[in-house]
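Take a look at the structure below.
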2 protein chains.
Amino acid sequence: MPGLKILVDSLEQIEPLNQEARAAILSADCVVRSYAAGRYVLRENDRADFIGIAIEGFAFSHKQTSSGSRQILSLILPGEALALENIYLNQLDCSIQALTTFSVGLIHRDAMKRFMMLHPTIANGISTMLAYRSSIYKEWMLNIGRRNAKERVGHLLCEIAVRLTGGNTTADRSFKFPLTQEQIGDALGLTAAHVNRAMKSLRNEGLLIREKTLFRLPEWDALCVLADFNDEYLTNE
Amino acid sequence: MPGLKILVDSLEQIEPLNQEARAAILSADCVVRSYAAGRYVLRENDRADFIGIAIEGFAFSHKQTSSGSRQILSLILPGEALALENIYLNQLDCSIQALTTFSVGLIHRDAMKRFMMLHPTIANGISTMLAYRSSIYKEWMLNIGRRNAKERVGHLLCEIAVRLTGGNTTADRSFKFPLTQEQIGDALGLTAAHVNRAMKSLRNEGLLIREKTLFRLPEWDALCVLADFNDEYLTNE
DNA sequence: AAAGTGCATAGACATATGTCATGTCCCCAG
DNA sequence: CTGGGGACATGACATATGTCTATGCACTTT
């Protein structure tokens with residue numbers, strides 16, 4: 001049950017669990033599923049039956065307008081929980097789709113509810129994760145609503161760098177992440193063509209080097225200034 | 001303690017509370033404060049000491065870029081809770097400002113934490129409120145990122161109409177709400193000038209009538225279609 | 001009544017971003 | 001090794017949105 005172990009670890013990072021709480025989670029039913037890139041993990045308006053723990057690979061959540069344009073709402077990285085709202089809502093309010101081959105542990109919401117009723121520390125941890133995610137939503141709203149294309153792209157790259165590498169920063173802040181320019185655009189409220197222009201400009205200024213899915217941010221401090229990036233919204237200290 | 005009564009009522013709408021849970025909340029320390037329009041209720045990066053219950057008047061939360069442009073993140077209506085994230089974060093991740101004369105009941109986060117540890121139904125209710133708010137964040141992200149100005153304005157007006165009047169719809173879906181065009185722009189990632197253009201266009205099409213702070217939406221169905229508005233994200237059924 | 005303030009309106013113009021078409025490269029299926 | 005599809009790159013052009021300026025109206029303050 002790799003998913004359950006990951007969940008316990010994330011919860012313990014927020015607040016220590018007592019023996020019973022830990023045991024309760026570890027005994028849960030957890031189905032591990034694997035999805036090819038592009039496949040739907042959960043769909044908007046489905047019944048909100050499961051929450052998930054990302055085990056390996058990447059996913060993202062999104063919504064669409066009736067005319068079909070897509071807005072990516074969040075990126076889901078290994079170790080992160082997804083669709084926690086399902087514990088509280090009856091219908092999914094967004095879809096979740098695999099970005100790469102993606103394996104996820106699914107736990108039934110009713111099981112989670114039971115654990116949370118019996119163990120307040122679990123309830124507290126789950127809600128804290130929801131609050132962390134909310135902080136990111138808020139920063140994204142600011143990014144999409146109030147920054148120009150170059151700043152938006154830079155900001156997103158900074159966020160991914162921090163979220164992927166945590167504190168363990170490589171010298172040139174490099175990371176592998178398989179987003180296409182179209183997906184970057186969908187996350188930022190831009191078109192792929194314009195993302196291309198913005199990235200070209202960042203490249204010309206020496207702020208970004210890209211080799212396929214490998215991104216390098218050789219001038220971290222300069223990029224943070226340009227993109228108005230400050231990682232406080234990710235650390236929540 | 002009007003704030004506490006309101007909080008109990010909102011929680012009970014989510015899930016019935018038992019006698020002890022209700023009594024616990026009603027016995028809480030709750031400071032009622034009143035703010036003139038424009039005053040800050042809570043500031044980003046402040047210590048996250050309090051959550052609030054909006055008693056009367058309106059408020060909004062927002063973030064700013066370093067260059068000073070402001071993004072309004074949410075509107076806070078009477079009866080709604082605000083800054084619930086403070087229970088889980090140590091620092092505020094956005095500011096909250098009064099939109100009109102605004103009175104709010106403030107409860108210390110530690111008190112809330114205590115109630116939630118003792119009464120799982122309270123924890124469940126608070127988290128459900130967080131999840132409701134998240135649903136709105138997601139729809140706003142879609143609105144800001146993927147709809148044009150006219151759709152955005154229409155969508156926001158539809159949302160306010162539904163949230164203010166609930167199901168009790170007046171014939172012409174009219175409501176009083178004191179947003180200036182600049183504030184509408186800040187909520188939608190637009191400039192005031194462009195909001196003006198969008199509203200003019202809605203007016204010309206007979207979809208909007210405005211008299212000071214009174215908005216009328218005489219062609220509700222047509223406006224919903226134009227603005228791609230669907231209230232599911234507000235009802236969470 | 002006069003002056004001042006805040007907001008809505010409007011037009012001219014600037015610019016950021018979108019749209020579309022094309023070409024290249026590279027990887028993978030055959 | 002070969003053909004085709006996907007992603008990236010780039011340029012010409014269209015358009016949505018921003019910027020700036022000016023005006024008028026309703027209110028408040030004096």
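Excluded from the calculations below are hydrogen atoms, water molecules and symmetry mates; all remaining heavy atoms, backbone and side chain alike, are included. The chains referred to below are lettered A, B, ... by the order of the sequence lines, with proteins before strands, and numbering in each begins at 1.
Among the heavy atoms of the strands, none lies under 4.0 Å from B:G38. Across all strands shown, B:G185 has no heavy atoms under 4.0 Å from either base or sugar-phosphate atoms. Within the 4.0 angstrom heavy-atom criterion, only backbone atoms of the sugar-phosphate kind lie near B:A149; the bases stay farther away.
When distances run from any side-chain atom of B:T180 to the nucleotides C:dT17, C:dA8, D:dT19, the shortest one goes to C:dA8. Among the nucleotides D:dG18, C:dC27, C:dT17, the one closest to the side chain of B:H194 is D:dG18. Listed nucleotides: D:dT19, C:dC20, D:dC8. Nearest to the side chain of A:R210: D:dC8. Out of D:dT19, C:dA8, D:dC8, the shortest distance to the side chain of B:A193 is found at D:dT19. If you check D:dC8, C:dG18, D:dT17 against the side chain of A:L190, the one that comes closest is C:dG18. Checked against D:dG18, D:dC20, D:dA9, the side chain of B:T191 finds its nearest nucleotide in D:dG18.
At least one side-chain heavy atom of A:L4 sits under 4.5 Å from a side-chain heavy atom of A:I107. Side-chain contact check for B:I184 versus B:F177: every heavy-atom pair is 4.5 Å or farther apart.
Between B:K212 atom NZ and D:dG24 atom P there is a gap of 20 Å when expressed in whole angstrom units. With rounding to whole Å, A:L202 atom CG is found 12 Å from D:dA9 atom P. Regarding B:I209, its CD1 atom lies at a distance of 17 Å from the P atom of C:dA8, rounded to whole Å. In this structure, B:M199 places its CE atom 19 Å from C1' of D:dA16, rounding to the nearest Å. One atom, CG of A:L214, and another, P of D:dC8, lie 14 Å apart when rounded to the nearest Å. Look at CZ on A:R147: it is 18 Å from C1' on C:dT17, rounded to the nearest Å. Rounded to a whole Å, the NZ atom of B:K200 is 9 Å from the C1' atom of C:dG11. Going from atom CD of B:E211 over to atom P of D:dA26 covers 13 Å, rounded to whole Å.
A:L157 contributes atom CG, which lies 14.0 Å from atom CZ of A:R152 (distance to the nearest 0.5 angstrom). Atom NE2 of residue B:H62 and atom OG of residue B:S95 lie 4.5 Å apart, to the nearest 0.5 angstrom.
Between B:R163 and B:E80, at least one side-chain nitrogen of the basic residue sits less than 4.0 Å from a carboxylate oxygen of the acidic one, meeting the salt-bridge criterion.
Ring-plane geometry between B:W220 and B:F229 is classed as perpendicular, the angle between the planes exceeding 60 degrees on a 0 to 90 degree scale with a lower cut at 30.
Taking 4.0 angstrom as the limit, A:N196 places a side-chain polar atom (N or O) nearer than this to OP1 or OP2 of D:dA9. In this model, the phosphate group of C:dA16 is not approached by any side-chain N or O of A:N148 to a distance below 4.0 Å at OP1 or OP2. Considering only side-chain N and O atoms, B:K150 lies nowhere under 4.0 angstrom from the phosphate OP1 or OP2 of D:dT17.
Contact annotation: side chain of A:R197 to base of C:dG18, donor-acceptor pair present below 3.5 Å.
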